[in-house]
Protein chains: 2
Amino acid sequence: MKSQESEQTMVEEQPKHQYSAYYQIPIDKFFQFAMSVDNVILGYHENSLKLLAVERGTEPYLGMMALPGDLVYPNEEVDVAARRVLKDLTGLTDVYTSQTKTYGKVDRHPVGRVVTVGFYSLVNVDRYRPLASSWADNVSWIDVNGHVDLAFDHNVIVADALAMLREKVRHQPIGFELLPKKFTLGEMQSLYEAVLGERYDKANFRKRIISMGFLKDLKELQQDVPHRPGRLFSFDEEKYQHLKSKGFSFGL
Amino acid sequence: MKSQESEQTMVEEQPKHQYSAYYQIPIDKFFQFAMSVDNVILGYHENSLKLLAVERGTEPYLGMMALPGDLVYPNEEVDVAARRVLKDLTGLTDVYTSQTKTYGKVDRHPVGRVVTVGFYSLVNVDRYRPLASSWADNVSWIDVNGHVDLAFDHNVIVADALAMLREKVRHQPIGFELLPKKFTLGEMQSLYEAVLGERYDKANFRKRIISMGFLKDLKELQQDVPHRPGRLFSFDEEKYQHLKSKGFSFGL
DNA sequence: ACAAAAGTGTTATCGCTACACCCATGT
DNA sequence: ACATGGGTGTAGCGATAACACTTTTGT
């Protein structure tokens, strides 16, 4: 118990917590991890859900598609790193982002022990403009239902993110993050059908959503559509918060 | 672009991904993180949900209660570290465990940059025996509804874990992890009421659960209770999987 | 006129809530 | 006898699923 060397000063005093890793190797040996973030950036376009993938320009996995991600700076918060990646890729900052899972397999990254934290972001594709920088042409939207093979363990990260999104989208009104500010009920229905992979009855869907009471009828109509124009609605965040505080809970 | 020194060989070839942190500081500077795990170990006892807390024997926060947790070894998987902590504390290995969130604030740990991954575990308190080791007397069950102040950011970790548990317990039959193998419907109802903080009508709760069809009636009765003994049931995992594959989904 | 999607009303059924009531056991 | 929780039946209300139908626009 007192046979320790000087490098392990932090641990000397504590005979009790023998289960701690501190007692078995010097503490500075633990500070050898790198952290990264990987972001599943999702957009809704042409009736399907897409994610942004980047073609890798470095080994390992050179040439493969991968999630946009990066190492976390030693003095940077993990969440901030995720937003940095998003901003560098899309120029967007005020975007709904949610942490998913953390992937800590020892051999998941060839360069060393890199633990990565997954995120997903919901962007409105109307607002997204590929940044005019040198890497812009390596970025593309791919359909989440297509069968693209991504580098590292990114396929798993995407699958987990989608599962968590689907779970959340049923219980919280976050679907609107993927729609333009003004949308028709039809567009909203299509979005939910694309995300959840289910079909809904039009009449019933409308009644359900309208009766929830957090949509604002903008008294405007769609323009230039080759069919009867739909009424435009917007999500009324304030109203939703008010309803929520009164015990209402979104559910689909 | 070619002004780099030898230590940075990994980065030389890539003019394209300028957004990457790789380009701004040498790569080995990123490998300075430590990882830890913190486990919210939950048990159901005396009609309320409790968690295991450990009194800290080291600075920082010496003497405060904290979540059981530890640093992750450089060659250890994160999930394995979480199970190690659990086993060292309770002796249990086959326990339902779920990752929650990852906490990456720069200053969250005084010793250095330690990013921690949260977990919760659901243990059946009947199976838990405090291990007869020197630190056993520093461990105690505390009520999750009490107002205990934990070290580090552990209050937040607990709050997040409970929120995620409550969400999950509604949609997946994991409540049984907190019950003995054989239980009455009354016990089950009390458990759900404790976890979710809601009250249910006895008759309706029973009908709902029974009709789901994944409980096995053991045709046994409670013993030595000061009231009419209840029928004992067990969760039939096999039956549940079968129902699930047929489209059934648990919901409460 | 037609296609395509918006938008509305009706009905029948299923599920759930509320509530009342009886049963078995230990003290 | 009483307290305590186990256990069951029913009536009525409300949500919603299924489907048919009408409306408005562009081509």
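Note on naming: letters A, B, ... go to the chains in the order of the sequence lines (proteins, then strands), and numbering restarts at 1 for each one.
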Chemist: Does K202(A) contact dA5(C) through a side-chain donor or acceptor facing the base, at a distance under 3.5 Å?
Modeler: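 Donor-acceptor pair under 3.5 Å: no.
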Chemist: Answer with yes or no whether N204(A) presents, from its side chain, a donor or acceptor under 3.5 Å of a partner atom in the base of dA17(D).
Modeler: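 Donor-acceptor pair under 3.5 Å: yes.
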Chemist: Give the rounded distance in Å between these two atoms: CD of Q222(A) and P of dT23(D).
Modeler: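 In whole Å, dT23(D) P and Q222(A) CD are 20 Å from each other.
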Chemist: Using atom CG of D201(A) as one end and atom C1' of dC21(D) as the other, report the distance to the nearest whole Å.
Modeler: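 Rounding to the nearest Å, CG of D201(A) and C1' of dC21(D) are 13 Å apart.
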Chemist: In terms of the angle between their ring planes, are Y128(A) and W141(A) parallel, tilted or perpendicular, with boundaries placed at 30° and 60°?
Modeler: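 Perpendicular, since the angle between the ring planes exceeds 60°.
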Chemist: Could you pick out which residue, F233(B) or P229(A), lies toward the 5' side of DNA chain D when each is mapped onto its nearest nucleotide?
Modeler: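 The residue mapped nearer the 5' terminus is F233(B).
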Chemist: Which whole-number value in Å describes the distance from R208(B) CZ to dA18(C) P?
Modeler: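 So the CZ-P distance, R208(B) to dA18(C), works out to 11 Å.
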Chemist: If I take atom NZ in residue K207(A) and atom C1' in nucleotide dG9(C), what distance separates them, rounded to the nearest angstrom?
Modeler: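 In whole Å, dG9(C) C1' and K207(A) NZ are 7 Å from each other.
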Chemist: Mind calculating the distance between CD1 (I209(A)) and P (dA6(C)) to the nearest angstrom?
Modeler: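 Roughly 14 Å, once rounded to whole Å.
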Chemist: Over 60° means perpendicular and under 30° means parallel, so classify the ring planes of Y240(A) and F235(A), tilted if in between.
Modeler: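 Rings of F235(A) and Y240(A): tilted, as their planes differ by 30° to 60°.
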Chemist: If the plane angle is over 60° it's perpendicular, under 30° parallel, otherwise tilted; pick one for Y192(A) and F176(A).
Modeler: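 The rings of Y192(A) and F176(A) stand perpendicular, inter-plane angle above 60°.
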Chemist: Which is true for R231(B) with a 4.0 Å heavy-atom rule: it touches a base, it touches only sugar-phosphate, or it touches nothing?
Modeler: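 Sugar-phosphate, no base atom in range.
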Chemist: For R228(B) and dT8(D), what is the distance between atoms CZ and C1' respectively, to the nearest whole Å?
Modeler: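 Nearest whole value for this atom pair: 9 Å.
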Chemist: What is the distance, to the nearest angstrom, from the CZ atom on R206(A) to the P atom on dT16(D)?
Modeler: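 Going from R206(A) (CZ) to dT16(D) (P), I get 17 Å.
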Chemist: What is the distance from CD of Q189(A) to P of dA17(D), rounded to the nearest Å?
Modeler: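 Rounded to whole Å, this separation is 12 Å.
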Chemist: Measure from the side-chain heavy atoms of A203(B) and tell me the nearest of dA5(C), dT24(D), dA20(C).
Modeler: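 So the nucleotide nearest the side chain must be dA20(C).
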Chemist: Could you tell me whether D126(A) and K182(A) have a side-chain N and a carboxylate O separated by less than 4.0 Å?
Modeler: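 Looking at K182(A) together with D126(A), the answer is no, because their closest N to O distance does not fall below 4.0 Å.
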